[in-house]
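The figures that follow rest on heavy atoms only: side chains count, while hydrogens, waters and symmetry mates do not. Chain naming here is simple, since letters A, B, ... match the order of the sequence lines and numbering starts at 1 in each. On a predicted model such as this, the values are computed, not experimentally measured, just so you know.
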There are 2 protein chains.
Amino acid sequence: MSRPTLEQVARLAGVSRATVSRVVNGGAGVSAAVRDAVRAAVDSLGYVPNPAARSLVTRRTDSIALVVSESTAQVFGDDPFFADIVRGVSAELELSDKQLVLLTTDTAAGRDRVRRYTSAHVDGVLLVSHHGNDPLYTALNAQGPPVVCGGRPLYAANTSYVDVDNTGGAYKAVDYLIRAGRRRIATIAGPQDMNAGVDRLTGYRAAVQKHGRRAIVAYGDFSRDSGQAAMHALLADEPDLDAVFCGSDLMAVGALASLRAKGRRVPDDVAVIGFDDIQQARYAEPPLTTVHQPSPLLGREMVRMMTRILSGEVPVEPVTLPTQLVLRSSA
Amino acid sequence: MSRPTLEQVARLAGVSRATVSRVVNGGAGVSAAVRDAVRAAVDSLGYVPNPAARSLVTRRTDSIALVVSESTAQVFGDDPFFADIVRGVSAELELSDKQLVLLTTDTAAGRDRVRRYTSAHVDGVLLVSHHGNDPLYTALNAQGPPVVCGGRPLYAANTSYVDVDNTGGAYKAVDYLIRAGRRRIATIAGPQDMNAGVDRLTGYRAAVQKHGRRAIVAYGDFSRDSGQAAMHALLADEPDLDAVFCGSDLMAVGALASLRAKGRRVPDDVAVIGFDDIQQARYAEPPLTTVHQPSPLLGREMVRMMTRILSGEVPVEPVTLPTQLVLRSSA
DNA sequence: CTCTTCGCTGAGAGCGCTCCCAATGGGGCG
DNA sequence: CGCCCCATTGGGAGCGCTCTCAGCGAAGAG
């Protein structure tokens, strides 16, 4: 009735527990005949190793945690970033036959869980989109399992992380605007306590400065509404701007709405470029020129980096994934 | 250096392993003095129970799996449904201090994992948005851990599931259109191998029939593009329709684009109602009247149902969560 | 032909925890 | 005053697995 154990498989195959264990774990050092007999027994009983028993002795759990702040998911709303990451992580973990444990850090209880769980429940932690001042990273790092961050941590040195080339992507976007003849290029920057917000602004500044232009900066929180509000303010302060680079597609969509409300034509009067390349960008009015970032790949790469760390490779170099400008109609 | 064990806590507190175990698991049947001493020892050593050792003997893992088909996440794209569910599940699981294990079923390897993992790795399985012909449900159900479905399974009788009132929501929407004086009301239905697609169409048919109208049905796959294409076809076949109820907001947004392209004014010429109430609906042009469904709550309720099952309650009645019509400008 | 080597297999000791059962002692009751 | 009961505690077995180590026979070397 209940699940078969190694012992039963061993009895059926007429060998010892140890031999069955060897076969189940790859079969090295077992003669072909015995190996086949054991495999047959395993199949006939439908044996599946008990992970608890295994991890009790190996001290590995073969599962890794993905830690996200719930507010992240919430703030982003329509932004499929979160789902993309999960998809990438999940797909890549499948290859190494590890489990994905999802943890949330918003409530105090949640953070507490993260702290407890990461000690013995998982072999490693994937930390995603934490704000710069997040004490969680330090706490995690001090305490044991290896940590890989998604996005460059703002204040933590000596970290393993995977990031997309936010700075370069922003630079490319602004550079494109300048080459297209735009004169007064503003930006709607994201939150400055998140690396994506900071780096995209940095890229903007670099491009603007390189061409001797003046930086015109407004701030949002990556959300659509904040983009709309920021565009509104920008239009009031700098009526003659002719381009705006937005730190996220959602903010760009908001900016588009604001520009439409003010009767500015896009891209004729004002060019708009976003960042992320979410689905909505394609269907925006007009379709949004934006910087594409490979979100699912970010998830995959985090797992790959973790795998390397787990297999003893150290130090591990940070990885930065390329971004690329996708030209549509808004610029 | 390494993690402290029960034994060490016991030694420090001057009691036996059994007593420490009792305290750690609630402290019933332990005198107050001893309990405090043990708690102090636990804190001072930073003791955290080893879940593998625990689950080896209790035969519980205190973790439950959320099984989603990756294609689901992919098809939905901008649809935050998936993220919402995860959020709800995660938040509710936190309360009972259980882990969330995420599994994906798209690749053959993934399905295989689901089959293996669900045997000893998790106490229960939450199955979400599986298509009607999905053999996974039967496989899971036959084999052991309790299963709770998100969305009424199409072909599986005698199931524990939580669903939103798709039929009722659709009915309300169409009923509203009729009362608003619309004469020729079409629908763009979702895929008919998913319960949401079927039930929303059923609600539409019920309302239309009740008022003696003719059903005008086109089909999409819940995606924006499919909605746009379906609207296009509908307009060709039924040029004088004056309302359309869409099985998803994304399809409604597509329909809006199609109507705009054909020069039909919304809601003046054609009223449009969607389903889901995603963020985009609010920002559609015009803002979309839609049927709100409580996605995060769906996740929570699935967990609650699972908790009840796990604590021995049986049979468990299916739960249907209410939907409500949100009036905006498109109808 | 003997000794060493090597490939394969089995025995056994735990991993850290829970839980059953026995032991202990103090208090209430007859 | 003796006995029983109950609340509290400790002892010990064992969950299913891995892994070290020893044993064994066959094969190769001298």
Side-chain angles (χ1 to χ4, degrees), chain A residues 1-39 41-42 45-63 97 99 116-117 119-123 144, chain B residues 1-39 41-42 45-63 97 99 116-117 119-123 144:
Chain A
M1 192 64 225
S2 100
R3 298 166 21 77
T5 71
L6 256 200
E7 187 68 46
Q8 297 170 36
V9 176
R11 216 145 43 208
L12 179 60
V15 297
S16 74
R17 230 170 43 235
T19 299
V20 178
S21 175
R22 275 185 278 259
V23 173
V24 168
N25 291 291
V30 177
S31 68
V34 171
R35 186 162 51 223
D36 291 347
V38 170
R39 294 223 167 108
V42 164
L45 291 179
Y47 170 75
V48 177
N50 180 321
R54 175 178 281 176
S55 91
L56 183 56
V57 29
T58 60
R59 286 142 186 302
R60 284 180 296 103
T61 61
D62 288 322
S63 65
D97 204 44
Q99 280 192 99
R116 277 180 303 124
Y117 273 23
S119 42
H121 292 64
V122 298
D123 298 339
Chain B
M1 190 66 227
S2 101
R3 300 168 17 78
T5 71
L6 256 201
E7 187 69 47
Q8 296 170 39
V9 177
R11 214 143 45 205
L12 179 60
V15 297
S16 73
R17 231 172 37 238
T19 299
V20 178
S21 174
R22 275 185 278 259
V23 172
V24 168
N25 292 291
V30 177
S31 69
V34 171
R35 187 162 50 222
D36 291 347
V38 170
R39 293 224 167 108
V42 165
L45 291 178
Y47 170 76
V48 177
N50 180 321
R54 175 178 280 176
S55 91
L56 183 56
V57 29
T58 59
R59 287 144 187 298
R60 285 180 295 102
T61 61
D62 289 323
S63 64
D97 204 44
Q99 280 192 98
R116 276 181 303 126
Y117 273 25
S119 42
H121 293 64
V122 298
D123 297 339

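- Closest to the side chain of B:R54, out of C:dT18, C:dT9, D:dC17, is C:dT18.
- Contact annotation: B:S21 reaches the phosphate of C:dT18 (side-chain N/O to OP1 or OP2, under 4.0 Å).
- Between the CD atom in B:Q8 and the CZ atom in B:R17 there is a gap of 12.5 Å [rounded to 0.5 Å].
- Of the candidate nucleotides D:dT9, D:dC15, D:dG16, D:dG16 has the atom nearest to the side chain of A:N50.
- Closest approach to the A:R59 side chain among C:dG16, C:dT18, C:dC8 is made by C:dG16 (side chain taken as heavy atoms from C-beta onward).
- Separating the CZ atom of A:R60 from the C1' atom of D:dC19 is a distance of 13 Å, rounded to the nearest angstrom.
- Nearest nucleotide to the side chain of A:V30, out of D:dC15, C:dT9, D:dT18: C:dT9.
- Side-chain N/O atoms of A:S31 include one lying less than 4.0 angstrom from OP1 or OP2 on C:dT9.
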Working for side-chain hydrogen bond (donor to acceptor under 3.5 Å, both in side chains), residues A:T58 and A:S55: CA-CA 5 Å; A:T58 60; A:S55 91; 5.5 Å; no
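- Per the geometry, CZ belonging to A:R3 stands 9 Å off P belonging to D:dG16, to the nearest Å.
- If you check residues 6-20 of chain B against DNA chain C, the residues with a heavy atom closer than 4.0 Å are B:L6, B:R17, B:A18, listed by number.
- Interatomic distance, A:R22 CZ to A:R35 CZ, rounded to the nearest 0.5 Å: 12.0 Å.
- Side-chain atoms of B:R22 lie closest to D:dT9 of the nucleotides D:dT18, C:dG10, D:dT9.
- Checked by atom type and distance alone, the side chain of B:R3 pairs as donor or acceptor with a backbone atom of B:V48 at under 3.5 Å.
- Atom OG of B:S16 and atom CZ of B:R11 lie 13.0 Å apart (nearest 0.5 Å).
- One interatomic measurement links the two molecules: CG of B:L56 to P of C:dT18, which rounds to 11 Å at whole-angstrom precision.
- Considering only heavy atoms from C-beta on, B:T61 stays 4.5 Å or farther from B:H121 through its side chain.
- Rounding to the nearest 0.5 Å places CG of A:N50 at 6.0 Å from CG of B:L56.
- Nearest nucleotide to the side chain of A:T58, out of D:dG16, D:dC19, C:dT9: D:dC19.
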